[in-house]
Amino acid sequence: MSNGFDDIPFFDEEPAPRPLRGREPAPPAPSGGIAARAMAARDQHRAPDYLSGLNPEQREAVETLDGPVLVLAGAGTGKTRVLTTRIAHILSTGRAYPSQILAVTFTNKAAREMKERIGVLVGAAVEGMPWMGTFHSIGVKLLRRHAELVGLKSSFTILDTDDVVRLIKQIIQAEGIDDKRWPAKQFAQMIDGWKNKGFGPADIPEGDARSFANGMGRELYAAYQARLMTLNACDFGDLLLHPIRMFRAHPDVLKEYHDKFRYILVDEYQDTNTAQYMWLRLLAQRPHSRKNPSPTPPHKGEGQTSSRATAGDHRGSVNTGSGDFAQEERQESPSPLWGGVGEGKPPQINICCVGDDDQSIYGWRGAEVDNILRFEKDFPGAKVIKLERNYRSTEHILGAAAHLIAHNEGRLGKTLFTDRTDPDDDKVQVHAAWDSEEEARAVGEEIEQLQRQQHSLNDMAILVRASFQMREFEDRFVTLGLNYRVIGGPRFYERLEIRDALAYFRLVCQPADDLAFERIVNTPKRGLGDTTVRSLHDYARGRNIPMLAAAADLIETDEMKAKPRKSLFDVVTMFKRWQGLLETTPHTELAETILEESGYTDMWKNDKSAEAPGRLENLKELIRSMEAFESMRGFLEHIALVMDAEQNEDLDAVSIMTLHSAKGLEFETVFLPGWEEGLFPHQRALDEGGRSGLEEERRLAYVGLTRAKRRCHIWFVANRRIHGLWQSTLPSRFLDELPVTHVDVAETDQSYGGYNRGGYGQSRFDKQEPFANAYSTPGWKRAQAHKTDATRDNWGSRSGVGIERIGYGESGPRARTIDGELVAKSKIDEPSKFNVGDRVFHIKFGNGNIASIEGNKLTIDFDRAGQKRVLDGFVDRV
DNA sequence: ATCTGCCCGATTTTT
DNA sequence: TCGGGCAGAT
């Protein structure tokens, strides 16, 4: 079973015998046994430290250890605290050993954080929790152990997206399909989508199979899987699917894990996809008692080795099965796996899922909100605990967020509250700006203002919908000399030189890694061009051997011309040498040797381009980061799964990131720019996702709002450049969905873009408290009074050009028409009423002369503001 | 092999 | 509009 990859032996994981409550034939509930009663009594008088300070709901979530539990944890309600305390509680009550707890998260960051926080509670015991990690890292662990059961060797490599795309491209080309017409990238996404749903090649819906490359979808997918097998490689999806397949095919193995995992905890359950859901179900089920319908204490079944997985389980293995088994399982809720009707007490499943349906924002990448909505059906008798007491934000922020999210249907329904009210708290501020440049400028000023009041930049964040919005803020902050950091930009591991170096290391550790081979065989240049690689490739494929092995063969023959043959000989010899050093030389030293001897570092040393020194620096950094690992293999494992680079924490800087990457974070002050129709909600979400797309966007808005602890500023602009074209935009419908009681329409002392809602203010979605009412607040009225005719002309409906649609591309069936609303749509064909040289006045930029005219767009040299491009509606002749 | 010019596309992102 | 990717030329 153990294959030498894991240093933790599987069967020796459990510490020396010590009576476990769970192993005794005692009833599960703490109301029964003597020990339990004693514990309950003790709890009443002297609850353990870690329980004090929990509110009643949190405490219930921590202490309900028996049976399925769903914790609906709203934003800022102490979710992580509950999760970590629950684990501490399980451990300290002796319910399970650390190694008997399966705790799954989505991201490495979450796993790290959880580990840290449990460490604080239980000390070194956290080190004994090998089954805490991401779905993928646990999947890898399972697979390394049982690789041979799914036809892999335990040394398999994990391919990242880039490798996958290159591989698929090869396959598409090998099939003689035009890879221009049928892009590999697109197909990689399709495969990813199928894998998210748990579909193997045999399982994909006929329509899907047909829609790619004239019906070749299924064949290509199968060819891809076959190729992965010969490469001894997995993609990310396989890290989930292979274990599922293995568990289905080998109930005995599954049973080992059933017996092992006494408690399962899942973080961010709303983000699970179908494959993850199936994976969890397999691990959480207790099929033992189906054979034996009489009520069985959960942990009694130690000796029931005869029990097997249910027949339903064997249906369609992931790769070979037929039919849509994911779908089938879906429809069976409550599933017989959980102990169906008339079968007596359902088997006990100590699974605890924590999540928030209102923060489900990853539907587009396969997450099924439905998993969380269906929890009670899936796990009959589940206890659902709502955490609604928020410890993060002001009442205004919570009020705004709650009112917004209430517009969604299909939610489990929570309302966050706080009892900390402070009359000094700011309401949520809504600001209008002329264009995105002004938006950035105004946000910059606001930040400087706060900075003058001694607020740390680290406490501020700008959360955007799409990353192109970041640039303008960056530009502005560079001008201002304001520190900022962009979170979630291009990553360390994605850099060319890092990927090259990793390819060398991969090939040393895993000689069958053809993708790595192809990447570096001619890097640095060795005169091994396309022709050589192609013949190597063909030879290797013909014999079904790795390319490195093929190279070793071919250099013995006269297949090749002398020059490439010599180069190839050198490559093969180098790799043989390095492989020999693998076990004897310290891995960091070996890494340096590899990069030196291969000529890779020299390649960059001889490169006189500006980036070269930086790349060399990155390579050094790469080797430095290897020091933390035991071996090169260990390092590669880490890099495959944990591909983030640490940020510089010391710097005091404003964070700029997307709303998606902000989930889980909090800041004193949050800026939410770009609340315009078409951008947020994003047009594509609307077009492709319809109603549910809109709801996901709304959840994204909810996530944005609830990141703020004390101050939240929302911005929308009148004009935004999209794909190089200036488009006039409408304020986001989400603004209409904010409650007037918690929101202020802010006046800025900048020139602002006043905005007249006209008939539009009648919210289309909000029956109760339309935000339009805010426009009768004193603040707004004052703002109105400042408006000049020039602005009204263009913001109002008088000039009546009208805008039919916003967003990009062709107008689709969902394009909105707002009668007589708003103007300033770019119109190239109509002659301008202005002439070059005209003296004009602009509300924001003052007086200037028209330098050129392009349709309704004017380039004006302003006396004070310099040259700007503006729409003709915004200026008047002087 | 390296450069140049043309064409396409253009949310969100983890593992 | 602007940048990345790729095909074709040098």
Side-chain angles (χ1 to χ4, degrees), chain A residues 104-111 133-140 158-166 169 178-181 183-186 189 192 195-196 234-241 267-268 271-273 275-276 360-367 463-471 487-491 493-494 522-531 609 637-644 657-664 674 678-689 693 696-697 699-701 703-704 720-727 807-809 826 854 857 869:
Chain A
V104 226
T105 63
F106 271 83
T107 62
N108 293 296
K109 199 173 144 210
T134 62
F135 277 99
H136 296 267
S137 70
I138 291 170
V140 172
I158 301 160
L159 303 185
D160 65 33
T161 332
D162 210 72
D163 294 323
V164 167
V165 171
R166 284 192 297 142
K169 189 166 187 175
D178 179 9
D179 68 308
K180 274 309 248 300
R181 194 153 157 226
K185 211 168 160 186
Q186 191 194 326
Q189 279 162 10
D192 198 52
K195 291 193 171 180
N196 284 157
C234 283
D235 62 17
F236 285 120
D238 287 340
L239 299 181
L240 291 167
L241 290 197
D267 191 19
E268 306 279 16
D271 287 338
T272 48
N273 61 36
Q276 285 155 341
S360 163
I361 54 175
Y362 286 110
W364 52 273
R365 105 190 161 189
L463 311 182
V464 297
R465 176 62 183 83
S467 44
F468 73 80
Q469 292 174 264
M470 292 179 181
R471 227 200 63 199
I487 307 224
R491 297 192 207 141
Y493 78 96
E494 279 171 344
N522 200 31
T523 309
K525 300 270 178 285
R526 302 185 174 97
L528 296 168
D530 265 2
T531 29
S609 66
E637 184 94 331
H638 168 86
I639 217 76
L641 292 172
V642 185
M643 300 187 293
D644 51 1
M657 70 188 94
T658 63
L659 287 161
H660 282 92
S661 37
K663 194 169 81 158
L679 177 59
F680 192 35
H682 200 281
Q683 193 59 44
R684 249 176 101 163
L686 263 22
D687 289 345
E688 287 163 23
E696 185 156 307
E697 295 286 291
R699 291 193 290 266
L700 203 48
V703 166
R720 192 175 288 279
R721 201 156 69 164
I722 298 163
H723 307 336
L725 280 177
W726 280 100
Q727 306 254 335
Y808 340 97
S826 179
E854 191 192 331
K857 279 179 281 186
R869 275 183 102 192

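Fair warning: this is a prediction, and the values are worked out from it, not measured in the lab. To find a chain, count down the sequence lines: A is the first, B the second, and so on, and within it residues start at 1.
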Quiz prompt | Between dG5(C) (P) and K185(A) (NZ): distance, integer Å | solution = 8 Å
Quiz item: Do any side-chain nitrogens or oxygens of K169(A) fall under 4.0 Å of OP1 or OP2 in dC6(C)?
Solution: yes
Quiz item: So, are D163(A) and R166(A) salt-bridged, with charged N and O less than 4.0 Å apart?
Solution: yes
Quiz item: Looking at dT11(B), dT15(B), dT12(B), which one has an atom nearest to any side-chain atom of H660(A)?
Solution: dT12(B)
Quiz item: If you check every side-chain atom of W364(A), which of dA1(B), dT13(B), dT15(B) has the closest atom?
Solution: dT13(B)
Quiz prompt | Between P of dT11(B) and CZ of R720(A), the distance in whole Å | solution = 13 Å
Quiz item: Whole-Å distance between dC8(B) P and Q186(A) CD?
Solution: 15 Å
Quiz item: Any donor-acceptor pair under 3.5 Å between the side chain of R465(A) and the base of dT12(B)?
Solution: yes
Quiz item: If you look at every strand shown and take non-hydrogen atoms under 4.0 Å, does E697(A) touch a base, only sugar-phosphate, or nothing?
Solution: base
Quiz prompt | H723(A), nearest nucleotide to its side chain (from dA10(B), dT15(B), dT2(B)) | solution = dA10(B)
Quiz item: Any side-chain N or O of T658(A) less than 4.0 Å from the OP1 or OP2 oxygen of dT13(B)?
Solution: yes
Practice problem: Just say parallel, tilted or perpendicular for the rings of H660(A) and Y362(A), cut-offs at 30° and 60°. | Solution: tilted
Quiz item: When you compare dG5(C) with dT12(B), how far apart are their P atoms, in angstrom units rounded to a whole number?
Solution: 16 Å
Exercise. Quickly work out the N522(A) CG to dA1(B) C1' distance and round it to whole Å.
Key: 10 Å
Quiz item: If you look at every strand shown and take non-hydrogen atoms under 4.0 Å, does S467(A) touch a base, only sugar-phosphate, or nothing?
Solution: sugar-phosphate
Quiz prompt | Euclidean distance, atom CE of residue M657(A) to atom C1' of dT11(B) [Å, nearest integer] | solution = 17 Å
Quiz item: Is the closest side-chain heavy-atom distance between L659(A) and V703(A) below 4.5 Å?
Solution: no
Exercise. May I ask you to decide if G693(A)'s main-chain N or O and E696(A)'s side chain share a donor-acceptor pair within less than 3.5 Å?
Key: no
Quiz item: How far does the P atom of dG4(C) sit from the matching atom of dT11(B), given to the nearest Å?
Solution: 15 Å
Quiz item: Taking atom P of dG3(C) as reference, at what distance in whole Å does atom CZ of F468(A) sit?
Solution: 15 Å
Self-check item: Spacing of I722(A) atom CD1 relative to dA10(B) atom P, expressed in whole Å
Solution: 14 Å
Quiz item: Do I158(A) and E637(A) have side chains that get closer than 4.5 Å, going by heavy atoms?
Solution: yes
Quiz item: Nearest to the side chain of S661(A) - dT15(B), dT11(B), dT13(B)?
Solution: dT13(B)
Self-check item: Candidate nucleotides dA1(B), dT12(B), dT15(B), ranked by approach to the side chain of K525(A) - the nearest
Solution: dA1(B)
Quiz item: Which whole-number value in Å describes the distance from L463(A) CG to dT12(B) P?
Solution: 14 Å
